[in-house]
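Heads up: the structure comes next, in structure tokens.
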Amino acid sequence: MASRAFAAVPPLAKKDTYKVGFAQTESNNPWRLAQTASMQDEAKKRGWQLVYTDAAGSAAKQVSDVNSMIAQGVDLIFLAPREEVPLIPAIMAAKGAGIPVILLDRNVDQSLAKAGEDYVCFIGSNFIEEGQRVGDWLVANANGKTNIIELEGTTGSSPANDRKKGFDDVIAANPDFKILASQTGDFNRDLGRQVAETLLQAHPEANVIYAHNDEMAIGAISAVEAAGKVPGTDVLILSIDGGKEAVGLVVEGKIAAVVECNPRFGPKAFDTAVAYANGETIAPMIINPDQFYDATNAKELLPTAY
Ligand code: GZL
């Protein structure tokens, strides 16, 4: 793994406007599209030049996307590392080229790169807490439904790793509950549906599905219905992201609860870059507050969902 060539994160000069890169992981679901739109809107609002790339689901391409931004001489790079380890070389290459990196949304393996040394900071949700909040809600509201299928996000990504850890730790502390099976659906709706169908066939006693994101939760609804069961009545479906479609399904009773993971990074990301240029101390982790939706508040809060 690349060594740490510099002692600290490269500075960002104070300027009126900047040329910044945003290396997106993929554009395969509403959450990612909302994140990209927020970044593009903010760049336009501030008159900054945004060099945008889409890695189309490939960590290797995301590394080359960052390297191309370095070659273009951007002032700073916003990076949403698709997976925790493969993007480390890109972070070190930017650091070596004197370009500061701000991580958005997804984090990197903390044993390989550190905020304040290798990149400016991480801005995003506390994924472990998101998983814990889903687990806590289930323990309090299960009404006897304790046999769980877990649909994991992208293998190796920090949201998948940490949403699993947060939820599974709560379940481990509550012996009445059991995770029957846990498998990746790659944050994808149709793959989530396919995996849920397979696991429901293998575990007909399952009566809870915990999906690491809305797309897989919505896919799971189709799988539950294909199995001749009623979402919300026979099987509780739990999710994270909190997009309009999923919150609407909470109102309908097909999804039991959703923890928000707000994708609107633009204002906070650009403000953090300016604060860094102004020499302000930047916290290593800037955590976004996440709303919680269930039958008690989804109807009222639906208009505010992204
Ligand atoms: C979480 C983000 C995840 C979303 C998914 O911050 O990285 O990626 O939860 C998206 O919907 O694909």
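Each ligand, and each atom within it, is numbered from 1 in the order the structure gives.
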Would you please write out the protein residues whose heavy atoms approach any atom of ligand 1 to under 4.0 angstrom, listed by chain and number? N29, W31, R32, D105, R106, F127, P159, R163, F187, N213, D241, C261
Any ring pair (Phe, Tyr, Trp, His ring centres under 6.0 Å) pairs touching residues 231-266, not counting sequence neighbours? none
Results of ring-ring contact (aromatic ring centres under 6.0 Å, His included) for F167 - residues two or more places apart only: Y210
Charged N to carboxylate O below 4.0 Å: is that the case for R46 and D41? no
Are Q183 and E152 close enough that a side-chain donor and a side-chain acceptor fall under 3.5 Å? no
Mark yes when over 12 heavy atoms from residues, nucleotides or ligands other than D16 sit less than 6.0 Å from its CG; otherwise mark no. no
Residue pairs involving residues 69-121 (criterion ring pair (Phe, Tyr, Trp, His ring centres under 6.0 Å); sequence neighbours excluded): F78-F270
